[in-house]
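The next block holds one structure in the form of structure tokens; read it before the comments.
What you see below is based on every heavy atom in this structure, not just the backbone, and it leaves out hydrogens, waters and symmetry mates.
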Amino acid sequence: TDAPDARAQDLLDRGMALRESYAFLEAREVFDLPVEYCPDYAQGYNQRAFASFLRQDLDAALGDLDRALALNPRHVGALSGKALTLFGLGRPEEGRDVLRAALALNPWLAERALLGEPT
């Protein structure tokens, strides 16, 4: 998940600092910048999706997660984020399928509990 260059990393760091201080709208706006600057960098979309998710803008989150996964289908954070977003959108079967894909890559995800299956 290393950024392509120092500028992209600085933009991500700024957005994450805003998100950590609960400035979700401002964080999302900052995450627009690395998405525009590095449109082939999946983590930019994933971070913007996380800010959207925290604002309960689930449709925007889902669009960014789909783009992140198109760029990097093995992005565990984007997969687990998409699963949570699908649950939030009332699409639990799809959410479980995506969560299973994330768990295939990282079986230690805390989200595993959402499947209601034995560990």
Original post:
Looking at Arg48, His75, Gln9, which one forms a side chain to side chain donor-acceptor pair (under 3.5 Å) with Gln43?
Top reply: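 Output: one option passes, namely His75.
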Quick one: does [X]'s side chain get under 4.5 Å of [Y]'s, heavy atoms only?
X	Y	value
Tyr45	Val35	yes
Phe31	Met16	yes
Leu12	Val30	no

**OP:** Using a strict cut-off of less than 4.0 Å between a Lys/Arg side-chain nitrogen and an Asp/Glu carboxylate oxygen, indicate whether Asp64 and Arg67 qualify as a salt bridge.
**Re:**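 Between Arg67 and Asp64 there is no salt bridge, as every charged N stays at least 4.0 Å from the carboxylate O atoms.
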Subject >> Steps toward side-chain contact (heavy atoms from CB on, under 4.5 Å) verdict (Gln47, Arg19) >> reply: CA-CA 9 Å; Gln47 290 297 324; Arg19 187 187 66 225; 2.2 Å; yes
Original post:
Got a sec, which residues hit side-chain hydrogen bond (donor to acceptor under 3.5 Å, both in side chains) with Asp5, two or more places apart in sequence or on another chain?
Top reply: Tyr37
**OP:** Please name the residue in the list Leu65, Leu99, Leu62 that meets the side-chain contact (heavy atoms from CB on, under 4.5 Å) test with Leu86.
**Re:** Leu62
Subject >> Heavy-atom closest contact (Ala102 atom, Ser80 atom, distance) >> reply: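 Reported closest heavy-atom pair: CB-N, 4.0 Å.
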Original post:
Where do Ser52 and Ala60 come nearest, in terms of heavy atoms and distance?
Top reply: OG-CB, 3.9 Å
Original post:
In terms of hydrophobic clustering (I, L, V, M, F, W, Y; side-chain heavy atoms under 4.5 Å; direct or indirect links), are Leu58 and Leu25 co-clustered?
Top reply: no
Original post:
In terms of hydrophobic clusters joined by side-chain contacts under 4.5 Å, are Tyr22 and Leu18 together?
Top reply: no
Between atom [atom1] of [X] and atom [atom2] of [Y], what is the distance when rounded to the nearest 0.5 Å?
X	Y	atom1	atom2	answer
Phe24	Phe53	CZ	CZ	10.5 Å
Thr85	Arg91	OG1	CZ	10.0 Å
Asn46	Lys82	CG	NZ	12.5 Å
Leu79	Leu109	CG	CG	9.0 Å

Original post:
Does Arg100 CZ have over 12 foreign heavy atoms under 6.0 Å away?
Top reply: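 More than 12 heavy atoms, drawn from other residues, nucleotides or ligands, come within 6.0 Å of this atom.
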**OP:** Would you check, one step at a time, whether the test side-chain contact (heavy atoms from CB on, under 4.5 Å) holds for Leu115 with Leu103?
**Re:** CA-CA 11 Å; Leu115 291 178; Leu103 289 166; 3.5 Å; yes
**OP:** Could you check Phe87 against Glu94 for side-chain contact (heavy atoms from CB on, under 4.5 Å), going step by step and ending with a plain yes or no?
**Re:** CA-CA 8 Å; Phe87 281 115; Glu94 291 174 80; over 6 Å; no
**OP:** Evaluate the salt bridge (charged side-chain N to carboxylate O under 4.0 Å, His left out) criterion for residues Asp10 and Arg7: first the C-alpha distance (whole Å), next the side-chain angles of each, then the deciding distance (0.1 Å), finally the verdict.
**Re:** CA-CA 5 Å; Asp10 179 59; Arg7 178 177 178 219; over 6 Å; no
